[in-house]
Amino acid sequence: MIMVTGGAGYIGSHVCLALLDAGFDVVVVDNLSNSKRTSLDRVQAICGKSLSFRPIDLRDEEAICKTLRDFGVTAVLHLAGLKAIGESNENPLGYYDNNFVGTLRLVSAMKNASVKKLIFSSSATVYGDPAYLPIDESHSLAPTNPYGRTKYFIEEMLRDLHRSDNDWTIAILRYFNPVGAHESGLLGEDPSGIPNNLLPLVAQVALGKRERLVILGNDYPTLDGTGIRDFIHVVDVASGHLSALKHLNDSGIMTVNLGTGTGTSVLQIVQTFESVSGSPVPHTIGERRIGDVAACYADPTLAADLLEWKSTKSLTQMCADHWRWQLNNPNGYHQPSHPSDEPDAPA
Ligand code: UD1
């Protein structure tokens, strides 16, 4: 039995689907602060298998410990967390509480329940301003905002934990820019309010929900002056978790980039999206966003070596799948309350 924290979220729901498809039993723990339970209904509808759900906050250590024991959990995939940089600047303590304290409570509960296998969702944001490209895992760590620092401090805590007790097996996965959606068009990113990230904005502009995209700077030292990122299909990110689970016992603790190794500019995204959707993406040029870097993309060699994992999906697929999701779900999951928000009985 695998516990997935944040399993109702954008990446979490795709990870749950990959686990169920691979034959694992899954219990999701999610406080639904930034996700809808509908995503889990859809996961189960797509694969025809069921999972269990517990609406628990990670800081409730006792409830987590009980869930670990009740379900006989053998490994935890920890994806729950807040991830908006601007919000983290305004409310750093809320971020440290939710992300850092939440993880501290989770691993304490795991320790009590003697569950010592963990995969943690970190982010390329821990690298800060790239000193060189592509970024490998030995690049220096200098996150530039509270959100990034919560990820960094959690990583350090997990390394300390492993040093203290090497029965733990831990994989830290540093995601680059997950985008796209499941090819069914049933699962995808459902940001609340105005999205912060590029792809949801581009998709909403293509749909006509927003008038135009503001490209945040076209004077970067890049091929066309716009920012460059390593966009990776969310289904590839999900398969990276399965590979990490398979190879978790190979080394005590590993830290691995999940990226494609290819940089794509904002303008290239706009052009690809226009061509797959057949809809224009009107855009203007605005000021650079504070804290943005010109270019950031992964060296994914270690993931290939340690996890036997590589991304497989093209930029066209990322945009096409994102578009299908947006087109079929113009209001995202749009089910503010789920009729049966009751906990499931243990399997
Ligand atoms: C952002 C976060 C990062 C987080 C990641 C998760 C910031 C500064 N960084 O990364 O910590 O891990 O999301 O997906 O928020 N852009 C526009 N117009 C827009 C929005 C974005 O031109 O309205 C550009 C940005 O300047 C950037 C690119 O699109 O060049 C990607 O932006 P975004 O999707 O926000 O991702 P990151 O900044 O890489």
Side-chain angles (χ1 to χ4, degrees), residues 6 9-12 14 34 79 81-90 95 99 120-130 133 135 141-152 154-155 173-181 188-191 193-206 209-234 236-237 257-260 262-273 281-298 315 318-319 322:
Y10 170 45
I11 300 171
H14 290 84
N34 193 26
L79 291 90
L82 299 174
K83 65 172 189 74
I85 290 185
E87 192 181 62
S88 80
N89 282 318
E90 283 153 29
Y95 267 65
N99 291 4
F120 170 61
S121 298
S122 189
S123 165
T125 199
V126 297
Y127 295 118
D129 211 345
L133 291 166
I135 300 180
L141 303 179
T144 57
N145 54 72
Y147 155 68
R149 280 187 280 275
T150 65
K151 293 289 183 189
Y152 167 73
I154 293 167
E155 285 197 6
L173 304 180
R174 292 180 178 151
Y175 308 159
F176 279 68
N177 290 62
V179 296
E189 189 170 8
D190 182 15
I194 301 171
N196 295 309
N197 296 119
L198 182 64
L199 258 287
L201 283 166
V202 168
Q204 291 188 5
V205 173
K209 274 187 87 175
R210 290 182 194 282
E211 206 179 327
R212 65 173 64 85
L213 173 76
V214 180
I215 294 183
L216 302 170
N218 71 344
D219 56 354
Y220 285 110
T222 60
L223 76 168
D224 58 23
T226 65
I228 287 187
R229 296 292 183 275
D230 188 337
F231 298 97
I232 174 167
H233 199 295
V234 65
D236 279 332
V237 173
N257 287 338
L258 290 189
T260 66
T262 302
T264 302
S265 77
V266 175
L267 269 179
Q268 286 172 328
I269 287 281
V270 168
Q271 283 153 6
T272 310
F273 212 93
V281 178
H283 51 273
T284 53
I285 305 299
E287 296 291 309
R288 291 181 179 193
R289 181 169 64 184
I290 293 166
D292 264 1
V293 300
C296 176
Y297 50 92
L315 187 65
M318 299 178 211
C319 292
H322 210 113

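None of the values given here were measured: they were computed from a predicted structure. Counting convention: from 1, in listed order, for ligands and their atoms alike.
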**Study point:** Residue part near ligand 1, for Leu201, under 4.0 Å between non-hydrogen atoms
**Key:** side chain

**Study point:** Atoms in ligand 1 flagged as close to Thr125, the criterion being non-hydrogen separation under 4.0 Å
**Key:** 11 (O)

Exercise for review: Heavy-atom contacts with Asn196 under 4.0 Å: which atoms of ligand 1 show up? List them by number with element.
Suggested key: 20 (C), 35 (O)

Exercise for review: For atom 21 (C) of ligand 1, grab the closest protein heavy atom and report residue, atom and distance to one decimal in Å.
Suggested key: Leu216 CD1, 3.9 Å

**Study point:** Tyr147 heavy atom under 4.0 Å from ligand 1
**Key:** yes

Check your understanding: How close does the nearest protein non-hydrogen atom get to atom 36 (O) of ligand 1, and which residue and atom is it?
Key -> Asn177 ND2, 3.1 Å

**Study point:** Heavy atom of Ser123, distance to ligand 1 below 4.0 Å
**Key:** yes

Review point. Checking side chain to side chain contact (heavy atoms under 4.5 Å, CB included) against Arg229, which of Leu198, Ile269, Val266, Asp292 comes through?
Key: Asp292

Practice item. Please name the residue in the list Leu199, Leu315, Leu213 that meets the side chain to side chain contact (heavy atoms under 4.5 Å, CB included) test with Phe273. Key: Leu199

Practice item. Report yes or no: does Asn218 contribute a side-chain atom to a donor-acceptor pair with the main-chain N or O of Ile285 at less than 3.5 Å? Key: no

**Study point:** Heavy-atom side-chain contact between Lys83 and Asn197 under 4.5 Å
**Key:** yes

Point to revise | Option with minimal heavy-atom separation from atom 7 (C) of ligand 1, where the choices are Asp292, Ile285, Leu199, Ile85 | key: Ile85

Exercise for review: Take atom CG of Leu223 as the centre, draw a 6.0 Å sphere, and report whether it contains more than 12 heavy atoms from other residues, nucleotides or ligands.
Suggested key: yes

**Study point:** Sub-3.5 Å N/O-N/O distance, Leu198 and ligand 1
**Key:** yes

Check your understanding: Hey, does Tyr220 have a side-chain heavy atom less than 4.5 Å from the side chain of Arg288?
Key -> yes

Check your understanding: For Ile215, is at least one N or O under 3.5 Å away from an N or O on ligand 1?
Key -> no

Exercise for review: Check the side chains of Tyr127 and Asn257 for a donor-acceptor pair under 3.5 angstrom, ignoring hydrogens and angles.
Suggested key: yes

**Study point:** Proximal atoms of ligand 1 relative to Gly227 (non-hydrogen, under 4.0 Å)
**Key:** 30 (O)

**Study point:** Sidechain-backbone polar pair: Tyr10 side chain, Pro191 backbone, donor-acceptor under 3.5 Å
**Key:** no

Check your understanding: To the nearest 0.1 Å, how far is atom 13 (O) of ligand 1 from its closest protein heavy atom, and which atom is that?
Key -> Asn197 ND2, 2.8 Å

Check your understanding: Which residue holds the protein heavy atom closest to atom 31 (C) of ligand 1, what is that atom called, and what is the gap in Å?
Key -> Arg229 CG, 3.8 Å

Review point. Is any side-chain heavy atom of Arg210 closer than 4.5 Å to a side-chain heavy atom of Leu201?
Key: yes

Review point. What part of Arg289 sits under 4.0 Å from ligand 1 if we count only heavy atoms: the side chain, the backbone, both or neither?
Key: side chain

Check your understanding: Quick one: which ligand 1 atoms are inside 4.0 Å of a heavy atom on Val214?
Key -> 17 (C), 18 (N), 19 (C), 22 (O), 23 (O)

Study note, to complete from the structure: ligand 1 atoms nearer than 4.0 angstrom to some heavy atom of Val266 are 22 (O), 24 (C), 28 (C), 29 (O), 30 (O)

Check your understanding: Are Tyr147 and Glu87 close enough that a side-chain donor and a side-chain acceptor fall under 3.5 Å?
Key -> no

